[in-house]
Amino acid sequence: MRDARPLVDALREPASVESLSGGEWTDLISIARAESLIGSLAHRIIHSKVPERIRMVLQDAVGAHDLARQQALWEADCARRALADYPGRIVLMKGTAYVAANLAAGIGRSIGDLDIMVARDDLPVVESALLEAGWEWVKPDPYDDQYYREHMHELPPLIHRERDRMIDVHHTILPLTAGPTPDAEAILQSAVRLENGLYVMAPADMALHSIAHLFADGDLAGGLRNLWDINHLLRQWSATDTQFWVHLAERARVHGLSDELARALRLASALYATPVDSSLAGRAAVTDALYIRRLLARDGYGRETRKLVRFAFYIRSHWLRMPPLMLARHLWTKWRKGGQRPE
Amino acid sequence: MHHILLKIGPAAFRIASAWRRPLDQLASLYRDYPAPDGGQVDFTVRLEPEKPWRRHIRPSVHIGGDFWLPDAAPLPLTQGLLAAEMGMNLQMALGWRRHLLLHASSVEKDGKALVMTGLSGSGKSTLSAMLAERGWRFMGDEFALLDPASGHIMPFPRLISLKNEAIAAMQKVASSDRFGPQLQGTPKGDIRHLVPPLEAITQMNAPARPALLLFPRFGHAPELRDMGQAEIFVRLTQASTNYVALGEAGFQSLTRFVEQVPARAMDYQSVDQAVELIDSLWSHLP
């Protein structure tokens with residue numbers, strides 16, 4: 001298999017899997033596992049007619065993700081208790097937010113770290129409360145630590161010494177050095193309170209965070225999964241709120257993410273047939289094809305392919321995050337330290 | 001990439017490799033195993049060059065696949081067969097949820113299973129291989145698969161991985177066409193794979209009720225000791241790769257196993273001693 005297209009086809013059109021051959025199934029499963037979409041795929045096609053062995057593979061994936069869901073909610077609750085004395089809002093982000101708010105995007109989703117967002121001024125309080133409750137620094141490197149604190153949208157990652165689970169504490173949704181400067185205060189202001197006292201972002205902000213994460217921050221690693229999240233969020237809210245698109249456009253302007261929003265709508269529509277507002281999506285750009293090539297860069301053995309495209313997006317991710325001079329200085333420092341690839 | 005499909009017990013694998021040789025070795029050693037029905041598999045294992053140029057120059061095999069560990073050390077291509085076997089272990093350990101996986105060997109007689117677990121070097125692999133040449137049915141030497149629904153052990157009769165002294169010992173009792181190539185200087189010393197007896201392969205879908213659990217320990221004067229259930233439980237949680245991942249189902253399977261299966265610690269200095277102890281225990285089973 002040349003690329004990850006079979007996975008996209010199966011997610012978009014579950015009935016289409018019924019005509020797959022044995023070898024095509026094997027490719028599909030490997031691609032879905034490599035893209036961390038096996039749980040989502042399993043839930044999506046569990047009612048289709050599939051061979052017995054594949055049914056069992058899908059059930060394993062459902063079971064694994066039920067556990068992941070439980071662990072994510074438990075980890076969020078641990079953070080809630082550790083921060084019980086903190087009076088500000090604690091906003092859950094990404095996968096944990098999707099499952100905590102019972103959204104379609106949370107069904108079968110793989111969840112790794114816990115991501116939360118708090119007000120920037122409160123970071124010292126939150127940080128010391130977490131350290132008090134058993135979390136500790138993952139990266140003791142002073143350069144990395146200072147780098148995170150001065151330029152990033154989150155604290156250096158913390159890991160819990162007994163549960164071995166990571167927490168990322170954000171104060172906004174993009175690095176401070178990135179082009180767009182989303183309005184973090186507005187996100188906290190309009191966040192929605194859950195029963196347990198934790199918060200999740202309001203619908204438009206949540207969708208825009210997912211979009212910012214995919215197009216304005218990263219190198220599109222895990223992009224098919226992020227775009228699948230975006231597909232779910234857009235579908236669910238546009239179906240229940242007639243004013244959703246208007247509100248989304250307005251909010252994208254506030255955060256400086258209108259171009260990223262347009263790109264996300266075009267790609268979600270192209271790959272997952274997400275119903276989108278065509279005036280917001282705008283005209284197709286020549287570069288859309290390049291994004292699609294990057295998103296689909298995986299073969300039927302689950303291997304990464306298209307090394308050059310991948311590398312170009314990797315460079316781009318750094319370019320977007322930092323002004324050129326700063327990027328050069330950062331890469332130079334990291335290179336001299338002989339460390340791994342820069343963050 | 002080249003690939004072959006293998007079915008072993010309840011699991012089916014696609015082994016993909018940048019080189020033909022490990023696949024040819026697998027094809028020859030797994031010649032008596034059936035093909036996966038319909039060509040669908042549970043897992044893909046990938047054997048790839050560690051870096052692109054390591055495909056031809058000092059070829060070095062990185063073990064990857066559907067499930068992988070970030071810090072898995074590469075092996076030289078001469079140990080490609082071992083890499084494939086380790087890759088299959090890794091898929092099971094990290095991805096399999098249909099059974100509770102115990103790092104244990106198992107053999108069967110009269111529909112009842114003897115399960116042996118212990119640290120590396122305890123002799124569980126050698127004992128199961130030897131018992132298989134003495135009238136027992138070999139069920140597996142790496143993983144015992146405990147079925148949460150029935151409480152039975154499911155066979156997973158892969159190639160038997162013989163290490164160091166066990167190689168010569170088995171060469172005395174098993175025919176030479178059942179042995180794979182001698183792999184020298186692996187992370188676990190010398191390794192040679194042995195094809196299980198044909199009966200183990202033809203019966204690889206027949207489960208057995210666990211009747212006895214042994215914790216063998218090689219190199220001490222022969223002795224059998226009782227063990228407390230709490231200790232057995234904890235040692236089995238440590239011997240299981242997916243106990244935590246199975247959640248409540250894992251806890252219930254293991255609790256039932258510990259409550260229903262008699263267990264002993266067994267010291268021994270030779271296979272004959274061990275067989276004698278096992279026979280005496282076996283004859284007194286309810």
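To find a chain, count down the sequence lines: A is the first, B the second, and so on, and within it residues start at 1.
Nearest heavy atom pair, residue Arg33(A) against residue Asp66(B), reads NH1-OD2, 2.7 Å. For the residue pair Arg53(A) and Asp37(B), the shortest heavy atom distance occurs at NH2-OD2, 4.2 Å. Ser30(A) approaches Thr44(B) most closely through the heavy-atom pair OG-OG1, 2.9 Å. Closest of all the heavy-atom pairs between Thr26(A) and Val41(B) is CG2-CG2, 3.5 Å.
Here the rule is side-chain hydrogen bond (donor to acceptor under 3.5 Å, both in side chains) with Tyr301(A), and of Glu48(B), His3(B), Arg46(B) only His3(B) fits it.
In Phe233(B), the CZ atom is crowded: over 12 heavy atoms of neighbouring residues, nucleotides or ligands sit closer than 6.0 Å. Within a 6.0 Å sphere centred on CZ of Arg31(B), other residues, nucleotides and ligands contribute more than 12 heavy atoms. Taking a 6.0 Å sphere around CG of Leu290(A), one finds it holds more than 12 heavy atoms contributed by other residues, nucleotides or ligands. The number of heavy-atom neighbours closer than 6.0 Å to CZ of Arg293(A), taken from other residues, nucleotides and ligands shown, is 12 or below. The environment of Leu198(B) atom CG is dense: over 12 non-hydrogen atoms of other residues, nucleotides or ligands sit within 6.0 angstrom. Heavy-atom neighbours of Trp25(A) CH2 from other residues, nucleotides or ligands within 6.0 Å: above the threshold of 12.
Taken from CG in Leu246(B) to CG in Leu67(A), the straight-line distance is 9.0 Å, to the nearest 0.5 Å. If you take CD on Glu248(B) and CD on Gln70(A), they are separated by 9.0 Å, rounding to the nearest 0.5 Å.
Contact annotation for Pro36(B): neither backbone nor side-chain heavy atoms come within less than 4.5 Å of a heavy atom of chain A. When heavy atoms are compared at a cutoff of 4.5 Å, Ala34(A) does not approach chain B at all. Contacts of Ala12(B) with chain A are made by both backbone and side-chain atoms, with heavy-atom separations under 4.5 Å. Contact of Phe67(B) with chain A is made through the side chain alone, with heavy-atom distances under 4.5 Å.
Two residues are said to be in side-chain contact when any heavy atoms from C-beta on lie closer than 4.5 Å; Gln40(B) and Glu24(A) fail this criterion. Side-chain contact between Arg14(B) and Asp27(A) is present, with at least one heavy-atom pair separated by less than 4.5 Å. Considering only heavy atoms from C-beta on, Arg303(A) comes within 4.5 Å of Met1(B) through its side chain.
The candidate with the highest count of non-hydrogen atom pairs below 4.5 Å against chain B, out of Gln59(A), Gln71(A), Glu52(A), Met56(A), is Met56(A).
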